[in-house]
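Before any comments, here is the structure.
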Amino acid sequence: MSRASSRALKHPPVAAPSEPAGAPSDFPELGVAIDRARRRGRGAQSNATGRYEAEARVAFDDGWQSLEELPPFRTTVGVDTSRKVITRNDSPDIGFDRSINPYRGCEHGCVYCFARPTHAYLGLSPGLDFESKLFAKPEAPSLLEKELAAPGYEPRMIAIGTNTDPYQPIERERKIMRGILEVLERASHPVGIVTKSALVVRDIDILARMAKRNLAKVAISVTSLDPKLARTMEPRASTPPRRLEALKQLSDAGIPTTVMVAPVIPALNDSEIERILDAAAHAGVKEASYVLLRLPLEVRDLFREWLMANYPDRYRHVFTLIRDMRGGRDYDAKWGERMKGTGPMAWTIGRRFEIACDRLGLNKRRSKLTTDHFARPKRNGDQLSLF
């Protein structure tokens with residue numbers, strides 16, 4: 001290990017993909033690519049050092065073939081000891097001001113995940129570390145109960161799954177999400193869930209009871225109906241048929257459901273918008289939304305690596321279209337535009353989505369959750385009411 005005093009060390013010298021015609025020539029060098037056998041079943045191709053780190057580790061074969069002895073990336077789970085569980089935001093273009101993330105990092109390994117850069121805050125890589133070095137919040141249910149019991153707490157819908165997926169594989173054993181739902185049900189507190197995992201059906205019993213009182217709704221992201229593309233892009237997420245079946249089970253149980261066509265990637269999955277909406281409508285879904293591909297910070301280079309490794313013939317076309325929808329840049333984080341983009345291509349995608357929804361009767365009525373039933377949890381030491 002040596003001090004990262006130059007860009008060459010911070011971004012080790014790996015041949016970068018060629019740029020689309022007319023693009024800037026100062027394409028940043030990508031992180032060290034990891035051998036395919038070591039990253040089997042993962043989404044990212046590399047594991048470059050986090051952007052806040054003063055030092056970078058570079059895999060280097062010293063001639064003794066030591067690189068061949070490196071183990072594959074295995075999932076490890078640490079404990080997140082945060083003292084609060086509700087995260088606040090004041091973003092003007094999203095419909096909630098608070099959220100909960102039971103886990104940091106996500107084993108689903110979706111290469112496009114806009115949450116990847118958050119792993120740099122932990123001193124880890126947004127690449128393979130993000131999907132293999134996870135952190136769980138086992139105290140989340142008890143912390144949530146304390147925060148809901150605070151005298152000044154004002155109830156509003158809590159969004160879960162807006163950063164990392166609450167139903168990723170480790171939830172099967174950890175059951176932190178289920179514990180959170182149990183707390184919310186006892187407090188009659190509204191919750192909106194976003195996931196791409198069929199594991200959500202495990203909690204239909206709680207969600208159905210909450211939905212009867214307008215306290216719960218679930219959105220499932222369906223990125224593609226093509227099993228090959230889905231497996232390559234989202235290696236450890238539920239298959240498309242299982243997500244559609246989950247939507248059907250949730251809808252049949254009376255739980256308001258939304259299908260999210262997200263992200264829409266031009267020249268890769270944008271042709272499937274109508275088919276995804278049609279399949280979801282047949283599963284009983286009544287609401288739908290979409291989000292354009294977002295490439296903040298490290299996500300851009302990780303997506304480029306993945307695209308060159310799996311669809312090199314589409315690389316130039318995909319990025320040309322992305323820039324057409326982002327004002328000539330790879331990404332524009334401007335409020336009100338970051339989710340949908342701008343320009344003729346973005347407008348066309350939006351109109352196609354709207355026309356398909358009209359044809360299928362989607363979004364005719366929006367489900368609304370209520371805070372009318374909220375019952376503040378009792379804190380230890382609180383005096384019981386006489387009436």
Side-chain angles (χ1 to χ4, degrees), residues 1 4 9-12 14 28-34 38-59 71-85 87 89 91 99-138 140 159-171 174 176-177 194-197 221 233-237 263 293-306 330-331 333 338:
M1 181 190 299
L9 179 59
K10 195 68 175 177
H11 299 276
V14 174
E29 292 163 324
L30 303 178
V32 172
I34 302 298
R38 291 190 62 214
R39 56 178 172 79
R40 180 185 176 91
R42 304 292 179 178
Q45 312 289 307
S46 63
N47 206 39
T49 303
R51 63 187 177 280
Y52 298 118
E53 303 310 296
E55 297 177 331
R57 289 182 173 85
V58 180
F73 280 77
R74 299 188 182 280
T75 300
T76 61
V77 184
V79 175
D80 185 312
T81 57
S82 299
R83 299 170 67 178
K84 289 188 175 182
V85 72
T87 301
N89 79 83
S91 301
S99 61
I100 294 176
N101 291 291
Y103 303 100
R104 303 185 76 168
C106 186
E107 198 176 8
H108 282 160
C110 305
V111 70
Y112 55 74
C113 182
F114 64 84
R116 284 182 176 274
T118 61
H119 238 45
Y121 299 136
L122 305 176
L124 297 172
S125 173
L128 290 165
D129 281 350
F130 176 79
E131 51 195 283
S132 61
K133 294 183 179 180
L134 314 178
F135 294 86
K137 301 178 182 179
I160 306 181
T162 57
N163 197 42
T164 57
D165 201 311
Y167 287 104
Q168 59 180 288
I170 58 173
E171 167 64 15
R174 304 272 168 162
I176 298 173
M177 179 60 181
V194 178
T195 182
K196 53 170 56 72
S197 173
S221 170
M233 190 161 50
E234 308 163 334
R236 299 197 179 194
L293 175 69
R294 298 168 59 191
L295 297 176
L297 301 170
E298 292 93 343
V299 182
R300 180 192 66 171
D301 287 351
L302 290 167
F303 182 73
R304 285 179 170 181
E305 287 180 299
W306 176 86
D330 293 331
Y331 181 56
R338 57 180 182 156

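Quick caveat, the model's predicted, so the values are computed rather than measured.
- Between the side chain of S197 and the backbone N or O of Y167 there is at least one donor-acceptor pair closer than 3.5 Å.
- Contact check on E298 versus R51 returns a salt bridge, with a Lys/Arg side-chain nitrogen under 4.0 Å from an Asp/Glu carboxylate oxygen.
- Here CZ of F135 is found 5.5 Å from NE2 of H119. Values are rounded to the nearest 0.5 Å.
- Annotation: side chain of P102 is not in contact with side chain of K137 (no heavy-atom distance under 4.5 Å).
- Contact detail for S221 and K196: the closest heavy-atom pair is O-CB, 3.8 Å.
- Residues A44 and L128 come closest through the heavy atom pair O-CD2, 3.4 Å.
- Without hydrogens or angle criteria, Q168 side chain to D165 main chain gives a donor-acceptor distance under 3.5 Å.
- For the pair S125 (side chain) and A48 (backbone), a donor-acceptor distance under 3.5 Å is present.
- The main-chain N or O of G127 is found under 3.5 Å from a side-chain atom of R116 such that the two form a donor-acceptor pair.
- If you take CG on D330 and CG on L295, they are separated by 6.5 Å, rounding to the nearest 0.5 Å.
- You'll find the side chain of P263 stays beyond 4.5 Å of the side chain of F114, heavy atoms only.
- Taking every heavy atom of both residues into account, T162 and S99 meet most closely at OG1-CB, 3.7 Å.
- Counting heavy atoms from C-beta on, the side chains of S132 and T76 never come closer than 4.5 Å.
- Counting heavy atoms from C-beta on, the side chains of N47 and K133 never come closer than 4.5 Å.
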Test side chain to side chain contact (heavy atoms under 4.5 Å, CB included) applied to E171 and Y103, step by step: CA-CA 9 Å; E171 167 64 15; Y103 303 100; 2.6 Å; yes
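- Judged by distance alone, the side chain of R338 and the main-chain N or O of R294 form no donor-acceptor pair under 3.5 Å.
- At a threshold of 4.5 Å between non-hydrogen side-chain atoms, the residues V299 and P126 do not count as touching.
- Across all their heavy atoms, A120 and G50 have their closest contact at CB-CA, 4.3 Å.
- Residues A136 and V77 come closest through the heavy atom pair CB-CG1, 3.9 Å.
- Contact record, G43 with P235: N-CG, 3.5 Å, taken as the closest heavy-atom pair.
- Checked by atom type and distance alone, the side chain of E107 never pairs as donor or acceptor with a backbone atom of R236 at under 3.5 Å.
- Interatomic distance, Y331 OH to R300 CZ, rounded to the nearest 0.5 Å: 13.5 Å.
- Using a distance-only test at 3.5 Å, with no hydrogens or angles considered, no donor-acceptor pair links the side chain of R104 to the main chain of D80.
- Using a 4.5 Å heavy-atom cutoff, the side chains of V111 and E131 are not in contact.
- Atoms CD1 and SG, on I170 and C106 in that order, are 8.5 Å from each other to the nearest 0.5 Å.
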